[in-house]
There are 2 protein chains.
Amino acid sequence: MSEEFSPRAQRLRDAGHKLTHARLTVLSVLEESGGHVTSAEVLEQVNERDSTIGRASVFRTLDLLTALSIIRPTFIHTSLTPTYVLLPDGHHHHIICTNCNRVIEFEECGLGAMAAELEQRLHVKLSGHLLEFYGLCDRCC
Amino acid sequence: MSEEFSPRAQRLRDAGHKLTHARLTVLSVLEESGGHVTSAEVLEQVNERDSTIGRASVFRTLDLLTALSIIRPTFIHTSLTPTYVLLPDGHHHHIICTNCNRVIEFEECGLGAMAAELEQRLHVKLSGHLLEFYGLCDRCC
DNA sequence: CACGCAGTTGATACAATATCTCAAAATCAG
DNA sequence: CTGATTTTGAGATATTGTATCAACTGCGTG
(Lines give C-alpha, C1' and ligand atoms only; values in the text may rest on other atoms or scores of the structure.)
Protein backbone atom coordinates (compact mmCIF):
# COMPACT_ATOMS: atom_id res chain seq x y z
CA MET A 1 0.00 0.00 0.00
CA SER A 2 1.22 3.51 -0.69
CA GLU A 3 1.67 5.08 2.73
CA GLU A 4 1.69 8.83 3.09
CA PHE A 5 5.07 10.46 3.37
CA SER A 6 6.05 14.09 3.43
CA PRO A 7 7.33 15.51 0.14
CA ARG A 8 10.81 15.69 1.60
CA ALA A 9 10.67 12.03 2.55
CA GLN A 10 9.69 11.27 -1.02
CA ARG A 11 12.71 13.14 -2.25
CA LEU A 12 14.85 10.93 -0.06
CA ARG A 13 13.31 7.80 -1.51
CA ASP A 14 13.48 9.10 -5.04
CA ALA A 15 17.18 9.62 -4.59
CA GLY A 16 17.48 5.93 -3.80
CA HIS A 17 17.59 6.00 -0.02
CA LYS A 18 15.49 3.97 2.33
CA LEU A 19 12.90 5.59 4.54
CA THR A 20 14.03 4.30 7.86
CA HIS A 21 12.61 5.11 11.24
CA ALA A 22 15.72 7.06 12.21
CA ARG A 23 15.65 9.20 9.08
CA LEU A 24 11.96 9.95 9.31
CA THR A 25 12.34 10.95 12.93
CA VAL A 26 15.17 13.36 12.20
CA LEU A 27 13.22 14.82 9.32
CA SER A 28 10.09 15.39 11.37
CA VAL A 29 12.11 17.03 14.12
CA LEU A 30 13.56 19.41 11.57
CA GLU A 31 10.19 20.15 10.02
CA GLU A 32 8.55 20.87 13.34
CA SER A 33 11.28 23.02 14.77
CA GLY A 34 10.61 25.88 12.46
CA GLY A 35 13.81 26.20 10.53
CA HIS A 36 16.82 27.04 12.67
CA VAL A 37 18.30 24.30 14.80
CA THR A 38 21.73 23.23 15.92
CA SER A 39 22.86 19.63 15.77
CA ALA A 40 22.69 19.50 19.56
CA GLU A 41 19.04 20.49 19.48
CA VAL A 42 18.26 17.91 16.84
CA LEU A 43 20.01 15.25 18.89
CA GLU A 44 18.02 16.22 21.96
CA GLN A 45 14.66 16.25 20.18
CA VAL A 46 15.32 12.97 18.46
CA ASN A 47 16.33 11.43 21.72
CA GLU A 48 13.12 12.63 23.35
CA ARG A 49 11.00 10.96 20.73
CA ASP A 50 12.94 7.75 20.54
CA SER A 51 15.93 7.25 22.75
CA THR A 52 17.02 4.15 20.90
CA ILE A 53 18.16 6.16 17.88
CA GLY A 54 21.92 6.54 17.92
CA ARG A 55 23.87 9.74 17.55
CA ALA A 56 25.71 8.48 14.53
CA SER A 57 22.48 8.02 12.62
CA VAL A 58 21.41 11.55 13.36
CA PHE A 59 24.65 12.97 12.00
CA ARG A 60 24.52 10.69 9.00
CA THR A 61 21.01 11.86 8.28
CA LEU A 62 21.96 15.51 8.61
CA ASP A 63 24.76 14.98 6.11
CA LEU A 64 22.44 13.16 3.78
CA LEU A 65 19.79 15.86 3.91
CA THR A 66 22.48 18.45 3.28
CA ALA A 67 23.69 16.62 0.19
CA LEU A 68 20.13 16.59 -1.12
CA SER A 69 19.71 20.33 -0.49
CA ILE A 70 16.86 19.69 1.90
CA ILE A 71 18.66 21.48 4.70
CA ARG A 72 21.72 23.66 4.79
CA PRO A 73 24.21 24.20 7.60
CA THR A 74 25.06 27.81 8.30
CA PHE A 75 26.80 29.78 11.00
CA ILE A 76 24.64 32.02 13.03
CA HIS A 77 26.82 32.73 15.99
CA THR A 78 29.50 30.40 17.22
CA SER A 79 32.11 28.87 15.05
CA LEU A 80 31.70 25.60 16.87
CA THR A 81 28.25 24.42 15.96
CA PRO A 82 26.47 24.87 12.70
CA THR A 83 22.82 25.81 12.64
CA TYR A 84 20.73 23.85 10.20
CA VAL A 85 18.24 25.71 8.10
CA LEU A 86 15.33 24.02 6.38
CA LEU A 87 15.10 25.07 2.74
CA PRO A 88 11.33 25.32 2.22
CA ASP A 89 11.44 25.30 -1.55
CA GLY A 90 15.11 24.89 -2.04
CA HIS A 91 15.97 28.36 -0.93
CA HIS A 92 16.26 30.50 2.15
CA HIS A 93 17.15 34.06 3.02
CA HIS A 94 17.98 35.79 6.23
CA ILE A 95 19.78 38.67 7.83
CA ILE A 96 22.12 38.05 10.74
CA CYS A 97 22.85 40.85 13.15
CA THR A 98 26.59 40.86 13.75
CA ASN A 99 26.05 42.49 17.11
CA CYS A 100 23.25 40.58 18.85
CA ASN A 101 23.11 37.55 16.52
CA ARG A 102 19.41 37.95 15.94
CA VAL A 103 18.16 36.33 12.78
CA ILE A 104 15.63 38.11 10.60
CA GLU A 105 14.11 36.08 7.82
CA PHE A 106 12.59 37.51 4.72
CA GLU A 107 10.91 36.27 1.61
CA GLU A 108 11.55 37.42 -1.86
CA CYS A 109 13.74 37.05 -4.37
CA GLY A 110 14.80 37.94 -7.84
CA LEU A 111 17.26 35.13 -7.72
CA GLY A 112 15.30 32.76 -9.92
CA ALA A 113 16.36 34.77 -12.92
CA MET A 114 19.96 34.88 -11.78
CA ALA A 115 19.94 31.13 -11.24
CA ALA A 116 18.64 30.53 -14.74
CA GLU A 117 21.31 32.76 -16.22
CA LEU A 118 24.07 30.99 -14.27
CA GLU A 119 22.80 27.57 -15.30
CA GLN A 120 23.06 28.51 -18.94
CA ARG A 121 26.37 30.33 -18.74
CA LEU A 122 28.22 27.89 -16.51
CA HIS A 123 26.51 24.66 -17.59
CA VAL A 124 25.42 23.75 -14.09
CA LYS A 125 22.15 22.46 -12.67
CA LEU A 126 21.12 24.42 -9.58
CA SER A 127 18.74 23.07 -7.00
CA GLY A 128 18.71 25.70 -4.31
CA HIS A 129 20.39 28.64 -2.68
CA LEU A 130 21.04 30.41 0.56
CA LEU A 131 21.30 34.16 0.77
CA GLU A 132 22.70 35.61 3.92
CA PHE A 133 23.00 39.31 4.68
CA TYR A 134 24.81 40.57 7.73
CA GLY A 135 24.82 43.88 9.44
CA LEU A 136 23.08 45.59 12.32
CA CYS A 137 19.44 45.00 13.14
CA ASP A 138 17.01 47.80 14.01
CA ARG A 139 17.68 47.45 17.74
CA CYS A 140 21.44 47.60 17.33
CA CYS A 141 21.75 50.38 14.75
CA MET B 1 54.80 57.15 12.25
CA SER B 2 51.90 55.87 10.21
CA GLU B 3 53.00 52.42 9.24
CA GLU B 4 51.41 50.70 6.26
CA PHE B 5 48.67 48.25 7.07
CA SER B 6 46.30 46.44 4.80
CA PRO B 7 42.82 47.93 4.51
CA ARG B 8 41.46 45.00 6.46
CA ALA B 9 43.90 45.60 9.26
CA GLN B 10 42.76 49.21 9.32
CA ARG B 11 39.19 48.03 9.73
CA LEU B 12 40.28 46.03 12.74
CA ARG B 13 41.93 49.03 14.29
CA ASP B 14 39.05 51.32 13.42
CA ALA B 15 36.75 48.97 15.28
CA GLY B 16 38.84 49.49 18.37
CA HIS B 17 41.04 46.40 18.30
CA LYS B 18 44.78 46.25 18.59
CA LEU B 19 46.90 45.21 15.66
CA THR B 20 48.87 42.46 17.33
CA HIS B 21 51.39 40.17 15.75
CA ALA B 22 49.05 37.19 16.07
CA ARG B 23 46.15 38.97 14.37
CA LEU B 24 48.24 40.34 11.53
CA THR B 25 49.68 36.90 10.90
CA VAL B 26 46.26 35.25 10.74
CA LEU B 27 45.03 37.98 8.45
CA SER B 28 47.93 37.67 6.04
CA VAL B 29 47.50 33.90 5.91
CA LEU B 30 43.88 34.39 4.96
CA GLU B 31 44.69 37.02 2.36
CA GLU B 32 47.36 34.92 0.71
CA SER B 33 45.43 31.68 0.62
CA GLY B 34 43.03 32.90 -1.97
CA GLY B 35 39.75 32.79 -0.18
CA HIS B 36 38.71 29.30 0.88
CA VAL B 37 40.42 27.81 3.91
CA THR B 38 39.48 25.60 6.79
CA SER B 39 40.46 26.44 10.33
CA ALA B 40 42.88 23.52 10.27
CA GLU B 41 44.65 25.01 7.26
CA VAL B 42 44.85 28.40 8.90
CA LEU B 43 46.30 26.84 12.04
CA GLU B 44 48.90 25.03 9.99
CA GLN B 45 49.92 28.08 7.97
CA VAL B 46 50.11 30.30 11.02
CA ASN B 47 52.19 27.73 12.80
CA GLU B 48 54.59 27.58 9.86
CA ARG B 49 55.18 31.31 9.95
CA ASP B 50 55.45 31.64 13.68
CA SER B 51 55.15 28.60 15.86
CA THR B 52 54.88 30.67 19.02
CA ILE B 53 51.38 31.81 18.17
CA GLY B 54 48.86 29.80 20.16
CA ARG B 55 45.84 27.99 18.78
CA ALA B 56 43.48 29.95 20.98
CA SER B 57 44.57 33.22 19.40
CA VAL B 58 43.95 31.88 15.94
CA PHE B 59 40.40 30.87 16.80
CA ARG B 60 39.80 34.14 18.59
CA THR B 61 40.97 36.04 15.55
CA LEU B 62 38.77 34.03 13.22
CA ASP B 63 35.78 34.82 15.42
CA LEU B 64 36.73 38.47 15.51
CA LEU B 65 37.11 38.72 11.75
CA THR B 66 33.78 37.01 11.36
CA ALA B 67 32.08 39.51 13.63
CA LEU B 68 33.51 42.31 11.50
CA SER B 69 32.28 40.71 8.28
CA ILE B 70 35.82 40.42 6.99
CA ILE B 71 35.50 36.68 6.59
CA ARG B 72 32.54 34.35 6.76
CA PRO B 73 32.44 30.70 7.77
CA THR B 74 30.54 28.44 5.41
CA PHE B 75 30.11 24.74 4.90
CA ILE B 76 31.56 23.40 1.75
CA HIS B 77 31.67 19.73 2.46
CA THR B 78 31.83 18.22 5.88
CA SER B 79 29.63 19.25 8.74
CA LEU B 80 32.61 19.21 11.04
CA THR B 81 34.85 21.97 9.83
CA PRO B 82 33.77 25.31 8.50
CA THR B 83 35.53 26.80 5.52
CA TYR B 84 36.32 30.47 5.85
CA VAL B 85 35.68 32.72 2.91
CA LEU B 86 37.31 36.11 2.50
CA LEU B 87 34.74 38.78 1.66
CA PRO B 88 36.65 40.99 -0.80
CA ASP B 89 34.29 43.94 -0.61
CA GLY B 90 31.91 42.66 1.97
CA HIS B 91 30.30 40.13 -0.29
CA HIS B 92 30.93 36.80 -1.90
CA HIS B 93 29.12 34.41 -4.19
CA HIS B 94 29.72 30.83 -5.14
CA ILE B 95 28.17 27.63 -6.34
CA ILE B 96 28.80 24.40 -4.48
CA CYS B 97 28.43 21.12 -6.31
CA THR B 98 26.49 18.80 -4.04
CA ASN B 99 28.07 15.81 -5.71
CA CYS B 100 31.80 16.52 -5.96
CA ASN B 101 31.96 19.51 -3.60
CA ARG B 102 33.70 21.67 -6.17
CA VAL B 103 33.33 25.37 -5.59
CA ILE B 104 32.68 27.69 -8.50
CA GLU B 105 32.94 31.37 -7.77
CA PHE B 106 31.26 34.05 -9.75
CA GLU B 107 30.98 37.80 -9.75
CA GLU B 108 27.84 39.72 -10.19
CA CYS B 109 25.24 40.87 -8.48
CA GLY B 110 22.01 42.77 -8.45
CA LEU B 111 21.97 42.47 -4.72
CA GLY B 112 22.98 46.02 -4.00
CA ALA B 113 19.48 47.14 -4.88
CA MET B 114 17.94 44.42 -2.79
CA ALA B 115 20.13 45.36 0.15
CA ALA B 116 19.06 48.98 -0.10
CA GLU B 117 15.41 48.01 -0.19
CA LEU B 118 15.79 45.75 2.85
CA GLU B 119 17.63 48.43 4.80
CA GLN B 120 14.77 50.82 4.30
CA ARG B 121 11.95 48.38 4.88
CA LEU B 122 13.40 46.57 7.89
CA HIS B 123 15.37 49.44 9.40
CA VAL B 124 18.65 47.56 9.39
CA LYS B 125 22.16 48.52 8.36
CA LEU B 126 23.73 45.88 6.15
CA SER B 127 27.45 45.49 5.70
CA GLY B 128 27.82 42.43 3.55
CA HIS B 129 26.34 39.26 2.21
CA LEU B 130 27.05 35.74 1.12
CA LEU B 131 25.15 34.09 -1.70
CA GLU B 132 25.50 30.38 -2.08
CA PHE B 133 23.93 28.31 -4.81
CA TYR B 134 24.05 24.54 -4.79
CA GLY B 135 23.45 21.98 -7.42
CA LEU B 136 25.45 19.95 -9.89
CA CYS B 137 28.49 21.30 -11.68
CA ASP B 138 29.11 20.79 -15.39
CA ARG B 139 31.14 17.65 -14.79
CA CYS B 140 28.50 16.06 -12.57
CA CYS B 141 25.36 16.95 -14.51
C1' DC C 1 60.04 58.61 24.37
C1' DA C 2 59.24 56.26 28.61
C1' DC C 3 54.90 55.09 31.25
C1' DG C 4 51.00 52.46 32.32
C1' DC C 5 46.60 50.43 31.59
C1' DA C 6 43.42 47.80 29.07
C1' DG C 7 43.29 44.56 25.77
C1' DT C 8 45.51 40.45 24.23
C1' DT C 9 48.30 36.43 24.37
C1' DG C 10 49.90 31.50 24.86
C1' DA C 11 50.00 26.97 27.34
C1' DT C 12 47.53 23.48 28.87
C1' DA C 13 43.78 21.14 30.56
C1' DC C 14 39.10 20.50 29.34
C1' DA C 15 34.69 20.30 26.92
C1' DA C 16 32.05 19.60 23.09
C1' DT C 17 31.28 17.62 18.75
C1' DA C 18 31.67 14.34 15.05
C1' DT C 19 33.47 9.86 13.07
C1' DC C 20 34.70 4.85 12.83
C1' DT C 21 33.78 0.08 13.22
C1' DC C 22 31.10 -3.92 12.73
C1' DA C 23 27.71 -7.25 14.06
C1' DA C 24 22.81 -7.04 14.12
C1' DA C 25 18.55 -5.30 12.34
C1' DA C 26 15.42 -3.14 9.13
C1' DT C 27 13.83 -1.81 4.38
C1' DC C 28 11.72 -3.04 0.33
C1' DA C 29 11.60 -5.30 -4.35
C1' DG C 30 10.10 -9.46 -6.27
C1' DC D 1 7.52 -14.07 2.70
C1' DT D 2 12.30 -14.02 1.62
C1' DG D 3 16.76 -12.47 0.51
C1' DA D 4 20.06 -8.87 -0.94
C1' DT D 5 21.44 -4.69 0.51
C1' DT D 6 21.40 -0.73 3.04
C1' DT D 7 21.27 1.17 7.38
C1' DT D 8 21.58 1.11 12.25
C1' DG D 9 23.28 1.62 17.18
C1' DA D 10 26.85 1.51 20.82
C1' DG D 11 30.69 3.20 22.48
C1' DA D 12 35.45 4.04 22.04
C1' DT D 13 38.19 7.43 19.66
C1' DA D 14 39.55 11.38 17.08
C1' DT D 15 38.96 16.00 16.10
C1' DT D 16 37.93 20.62 17.00
C1' DG D 17 37.05 24.61 19.86
C1' DT D 18 37.00 26.89 24.70
C1' DA D 19 38.21 28.29 29.53
C1' DT D 20 41.56 29.93 32.58
C1' DC D 21 44.91 33.03 34.05
C1' DA D 22 49.46 34.98 34.74
C1' DA D 23 52.52 37.33 31.67
C1' DC D 24 53.07 40.41 27.89
C1' DT D 25 52.19 44.05 24.33
C1' DG D 26 50.06 47.78 21.58
C1' DC D 27 49.35 52.31 21.75
C1' DG D 28 47.35 56.62 23.80
C1' DT D 29 49.14 59.76 27.22
C1' DG D 30 51.95 62.62 29.70
Side-chain angles (χ1 to χ4, degrees), chain A residues 1-5 9-27 29 37-68 71 73-84, chain B residues 1-6 9-27 37-68 71 73-84:
Chain A
M1 292 303 92
S2 68
E3 244 186 279
E4 295 296 320
F5 286 117
Q10 282 297 343
R11 284 175 63 188
L12 258 186
R13 173 179 282 172
D14 292 346
H17 302 283
K18 296 182 177 174
L19 296 185
T20 65
H21 176 58
R23 284 174 180 166
L24 291 172
T25 303
V26 170
L27 194 52
V29 163
V37 249
T38 63
S39 55
E41 287 166 343
V42 174
L43 278 172
E44 186 188 327
Q45 291 289 324
V46 167
N47 193 57
E48 254 178 45
R49 300 193 187 192
D50 184 343
S51 62
T52 70
I53 295 176
R55 311 169 215 302
S57 293
V58 174
F59 284 111
R60 278 184 293 229
T61 303
L62 289 175
D63 282 349
L64 183 58
L65 294 174
T66 300
L68 293 175
I71 60 174
T74 181
F75 282 101
I76 300 296
H77 176 189
T78 168
S79 54
L80 181 53
T81 310
T83 296
Y84 290 90
Chain B
M1 292 298 94
S2 66
E3 244 185 279
E4 295 297 318
F5 287 115
S6 78
Q10 282 297 344
R11 286 176 60 189
L12 259 186
R13 173 180 281 172
D14 291 347
H17 302 282
K18 295 182 178 175
L19 296 185
T20 65
H21 177 58
R23 285 175 179 166
L24 291 172
T25 303
V26 171
L27 194 51
V37 248
T38 63
S39 55
E41 288 166 343
V42 173
L43 279 172
E44 186 189 326
Q45 291 289 323
V46 167
N47 191 57
E48 254 178 45
R49 300 194 186 191
D50 184 343
S51 61
T52 70
I53 295 176
R55 312 170 212 301
S57 294
V58 174
F59 284 110
R60 279 184 293 229
T61 303
L62 289 175
D63 283 347
L64 183 58
L65 294 174
T66 300
L68 293 175
I71 60 174
T74 180
F75 282 100
I76 300 297
H77 177 191
T78 169
S79 53
L80 182 54
T81 310
T83 296
Y84 289 90

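Sequence lines set the chain letters: A, B, ... in the order given, protein chains first and strands last, and positions in each chain run from 1.
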Rounded off to whole Å, could you give me the CZ-to-C1' distance for the B/Arg60 and D/dG17 pair? 12 Å
Indicate whether OP1 or OP2 belonging to D/dT25 is found under 4.0 Å from a side-chain N or O atom of B/His21. no
What is the distance, to the nearest angstrom, from the CD atom on B/Glu44 to the P atom on D/dT15? 14 Å
Proximity to the side chain of B/Ser39 - top-ranked nucleotide from D/dT8, C/dG10, D/dG17: D/dG17
Heavy-atom nearest nucleotide on DNA chain C taken for B/Gly16 and for B/Ser51; more 5' hit belongs to B/Gly16
Output the distance between atom CG (B/Leu43) and atom CD (B/Glu41), rounded to the nearest 0.5 Å. 10.5 Å
Quick note, B/Leu19 side chain, CB onward, closest among D/dT20, D/dT8, D/dC27 is D/dC27
The nucleotide from D/dA10, D/dG17, C/dT9 with an atom nearest the side chain of B/Phe59 is D/dG17
Using whole Å, report how far CG of A/Asn47 lies from C1' of D/dG11. 15 Å
Grab the CG-C1' distance between A/Asp63 and D/dT8 for me, whole Å please. 15 Å
Any A/His17 side-chain N or O less than 4.0 Å from OP1/OP2 of D/dT7: yes
Check whether any side-chain heavy atom of B/Gln45 sits under 4.5 Å from a side-chain heavy atom of B/Val42, and report yes or no. no
Distance in angstrom units between B/Leu62 CG and D/dT18 P, rounded: 10 Å
Can you check whether A/Val29 reaches A/Glu48 side chain to side chain, under 4.5 Å on heavy atoms? no
What I want to check is whether an N or O donor and acceptor connect the side chain of B/Arg23 with the base of D/dG26 at under 3.5 Å. no
Got a second to check how far B/Leu27's CG is from B/Thr61's OG1, nearest 0.5 Å? 9.0 Å
For B/Leu68, does its backbone N or O pair with a side-chain atom of B/Arg11 as donor and acceptor, under 3.5 Å? yes
Calculate, to the nearest 0.5 Å, the distance between atoms NE2 and OG1 belonging to B/His21 and B/Thr52 respectively. 5.5 Å
Pairwise side-chain contact, B/Leu64 with B/Arg23, heavy-atom cut-off 4.5 Å (strictly under): yes
Figure out the CG/P separation between B/Leu24 and C/dT9, and round it to whole Å. 10 Å
When the rotation axes relating C1' atoms of four end pairs to the next four are compared across the helix from C/dC1-D/dG30 to C/dG30-D/dC1, five pairs an end, they differ to 10° by 60°
Measuring to OP1 and OP2 of D/dT7, would you say a side-chain N or O of A/Ser57 lies under 4.0 angstrom away? no
What integer distance in Å separates A/Ile53:CD1 from D/dG11:P? 16 Å
Please state whether the phosphate of D/dC27, meaning OP1 or OP2, lies under 4.0 angstrom from any side-chain nitrogen or oxygen of B/Arg13. yes
Is any side-chain N or O of A/Thr20 closer than 4.0 Å to OP1 or OP2 of D/dT7? no
Testing D/dT7, D/dG26, D/dT18 for proximity to the side chain of A/Lys18, the answer is D/dT7
Report which part of the nucleic acid B/Ala56 touches: base, sugar-phosphate, or nothing (heavy-atom distance under 4.0 Å, all strands). base
Pick one: which of A/Thr74, A/Ile71, A/Thr38 meets side-chain contact (heavy atoms from CB on, under 4.5 Å) with A/Tyr84? A/Ile71
What's the CZ-P distance between A/Arg55 and D/dT13, to the nearest Å? 15 Å
